[in-house]
Each structure stands twice: as structure tokens, then as C-alpha cells.
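When a ligand or atom number is given, it counts from 1 through the structure's own listing order. Atom set for the values below is all heavy atoms of this structure, side chains included, hydrogens, waters and symmetry mates excluded.
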Amino acid sequence: MSVLLLGGTGTTGRPLSRLLPEARVASRQPGPGRVRFDWADPATFRPALAGVRAVYLVPPPADLEPMRLAAPFFEEATAAGVRRVVLLGALSAFDAAPGVDELFRAVREMPESAVLRPSGFMQNLLGEHPLAAGLRERGELVGATGDGKVGWIDAEDIAAVAARLLTGPAPAGEHLLTGPGALSYGEVAELITGLTGRPVRHRPVSVAEQAAMFGATGLPPAFAGRLAEIYGAIADGAEDLVTGAVEEITGRPPRSLREFVRAHLA
Ligand SMILES: NC(=O)c1ccc[n+]([C@@H]2O[C@H](COP(=O)([O-])OP(=O)(O)OC[C@H]3O[C@@H](n4cnc5c(N)ncnc54)[C@H](OP(=O)(O)O)[C@@H]3O)[C@@H](O)[C@H]2O)c1
């Protein structure tokens, strides 16, 4: 089955493209093995979808009304003969945002579909993510998450699940994906301190402060506010959850945060 990977150069899409080397990678910057795709340019949809039967769908970024851009994509996908869509959602998705719920519905209406609902990415501790910047620059994990726990998951495990669901027997339903344990920001700070020898602490902030921090990274204010509310919900236990879904789907257990930090000590 020929597969198109939206977000194929991103946090989950990149490892997925390594697992599915025949898949077509969508990117705003086309290149070898890549096809040009831009949510903001619907003219890119049809060429990207030609001959495709399954799509890994990373939604339009930072958008509480994703169907404005995604509805024409679903039309083109159906016309092109796409049968299967695997959507990257989120554990405590923006369910309350009607626009996001609409996207979930559109995915479920495809002949074959699955929705991935992962918890917080371990990769948030790396690279450009605001959490990583605070960690590197000030030894701080800043978050409005209180003592609430997160079932941290490695994006490589999400990719492994997506690869199975895109290419295996017809998938169905929603999959709550977590790593093997749930840890609060304070516990993550302790773990990193123990493994690096460098003092790291959790610096709690309010939901409003968190929203301002996200806004300062360039996220639209409404989206930054909604994202910060999710962090507040984590403080109330919304993501204190561990599931066996990764192992059930891939046949191997997910990576722990301890293993992940060890692998990325440098
Ligand atoms: N971070 C978390 O803890 C977490 C937890 C649960 C769920 N999620 C979900 O994961 C998704 C985002 O993950 P991420 O932040 O790691 O981002 P990401 O997947 O790394 O996103 C960047 C990708 O999006 C593509 N992209 C950006 N703008 C685009 C546009 N206008 N048109 C087409 N493609 C575009 C980029 O492609 P090019 O630059 O190559 O064009 C790149 O492949 C979100 O949907 C979020 O809800 C995240």
C-alpha cells in the first residue's frame, strides 16, 4: 500500500519515514524522496496524493480550527482513492475545541482509520521545544503541571505504532499511547539530575504564565492559551496514565524515560 507521510520530516514523521522507507514524505521543502506539501497551499494536495492509499496525518500546526485546511484535503484524498488514515492526535487532545473534534470525525469517516492519542513526547526535552530550552539554559523544567504525572513516550515508539497501523491489517479506533511509566516534572528533574550530575529542578508556574510563555514562542494566543490549559489539567491528573498499547501493537515494550535520557546525555 503506498503511504503518504504528512509531517514526515517532524518529530514522529522522521522516525516513521525510516521505518517505511518506501513511503512518500510530505514537506514544504521538497527534495529526493519528498513531495511538496503545504497546508496553506491546497494546490499541493492532489499531486502529493496521487497513487496513495494510506496517509499518516499530522494536523495543521497550532490550529484550533484544522478543518478549514483539512476539509479540502479529505475531499482530494477520497477522490484519489485513499482508504486509510492514521491521525496523530493527543492524549488530552483539544477535545473541547469543536474544530478539532470535527477533524477526528472526518478521520473516522474514512473506510479505514485509527487515531493515535499519545501522551507528552520525551523529545520535548530536546532541541527547540521550550521545555528543552529551560532545561539546557537554566537547569529548569518550567511547567504549570504541578505534581501531576505524564506518561512520557518516545516519538520512535509512536512511529513504530503508526508503521504497523498504516501497513498492517485494517486498523480501527483510538489508541492511548504512553511510555512504561508516568512521572511528574519534579520526578523528571530528579531523574535527569541523577543521570547527568547536573542539578535540575521543576519550576512551577501558573496556567496564565504558561500561556504567556507559549505565546512568546510565536504560537497564536488562542492556541497558546488552550495548550496551557492542558498543562493545568495535567496538574489535576489528566495524563496520569500508563497503557500497554505500544507493546500490544508493536510486540515490544516502549522505551522508558530513563533509557531515553541515557541515550541523549550529550
Ligand atoms: N509534543 C508533545 O508532547 C505532543 C504530545 C501529544 C501530541 N502531540 C501532537 O504532535 C503534533 C506536533 O508534533 P511536533 O510539535 O513534534 O511537530 P512536528 O511533527 O515536528 O511538526 C513539524 C512537521 O510539520 C510540518 N509542517 C509544518 N508546517 C506545515 C505546513 N504549513 N504544511 C505542511 N506541513 C507542515 C513540518 O514539515 P516541513 O517543515 O518539512 O514542511 C514538519 O514535518 C501536534 O499535532 C500535537 O498535537 C504532541
Original post:
Can you find a non-hydrogen atom of A26 under 4.0 Å from ligand 1?
Top reply: no

Original post:
Is the closest heavy atom of P59 to ligand 1 under 4.0 Å?
Top reply: yes

Original post:
Does any N or O in the side chain of H264 come within less than 3.5 Å of the main-chain N or O of L126, such that one atom is a donor and the other an acceptor?
Top reply: no

Subject >> Per-atom contacts, ligand 1 versus T9 - under 4.0 Å to a heavy atom >> reply: 36 (C), 37 (O), 38 (P), 40 (O), 42 (C), 43 (O)

Original post:
Taking S27 for the side chain and P30 for the main chain, is one N or O donor matched with an acceptor at less than 3.5 Å?
Top reply: no

**OP:** Please identify which atoms of ligand 1 are closer than 4.0 Å to at least one heavy atom of N124.
**Re:** 1 (N), 2 (C), 3 (O)

Subject >> Those atoms of ligand 1 less than 4.0 Å from some heavy atom in T11 >> reply: 14 (P), 16 (O), 18 (P), 19 (O), 20 (O)

Original post:
Would F260 and F121 count as a close aromatic pair, with their ring centres under 6.0 Å?
Top reply: no

Original post:
Between R18 and E156, does at least one N-O distance fall below 4.0 Å, as a salt bridge requires?
Top reply: yes

Subject >> Closest contact, heavy atoms only, L88 versus P59 >> reply: O-CD, 3.3 Å

**OP:** Using a strict 4.0 Å cut-off to heavy atoms of G10, name the atoms of ligand 1 that fall inside it.
**Re:** 18 (P), 19 (O), 20 (O), 42 (C), 43 (O)

Subject >> Atoms of ligand 1, numbered as shown, that sit under 4.0 Å from any heavy atom of F37 >> reply: 33 (C)

Original post:
Going by the order shown, which atoms of ligand 1 are within less than 4.0 Å of some heavy atom of G120?
Top reply: 3 (O)

**OP:** For ligand 1, find out whether one of its N or O atoms is nearer than 3.5 Å to an N or O atom of W39.
**Re:** yes

Original post:
Taking everything shown except D147 itself, do over 12 heavy atoms lie less than 6.0 Å from its CG?
Top reply: no

Original post:
Just going by heavy-atom distances, which of R34, R28, R117 is nearest to atom 29 (C) of ligand 1?
Top reply: R28

Original post:
Would P60 count as a contact of ligand 1 if the rule is a heavy atom under 4.0 Å away?
Top reply: no

**OP:** Would you please name every residue forming a side-chain contact (heavy atoms from CB on, under 4.5 Å) with T78, sequence neighbours left out?
**Re:** M110

**OP:** For atom 11 (C) of ligand 1, state which one of L88, L6, L16 supplies the nearest heavy atom.
**Re:** L88

Original post:
Just heavy atoms, cut-off under 4.0 Å: does S27 contact ligand 1 by side chain, backbone, both, or neither?
Top reply: both

**OP:** Examine the side chains of E190 and T193 and answer whether a donor and an acceptor come within less than 3.5 Å of each other.
**Re:** no

**OP:** Please work out whether the ring planes of F45 and F73 are parallel, tilted or perpendicular, with thresholds of 30° and 60°.
**Re:** perpendicular

Subject >> Enumerated ligand 1 atoms positioned under 4.0 Å from heavy atoms of S119 >> reply: 5 (C), 6 (C)

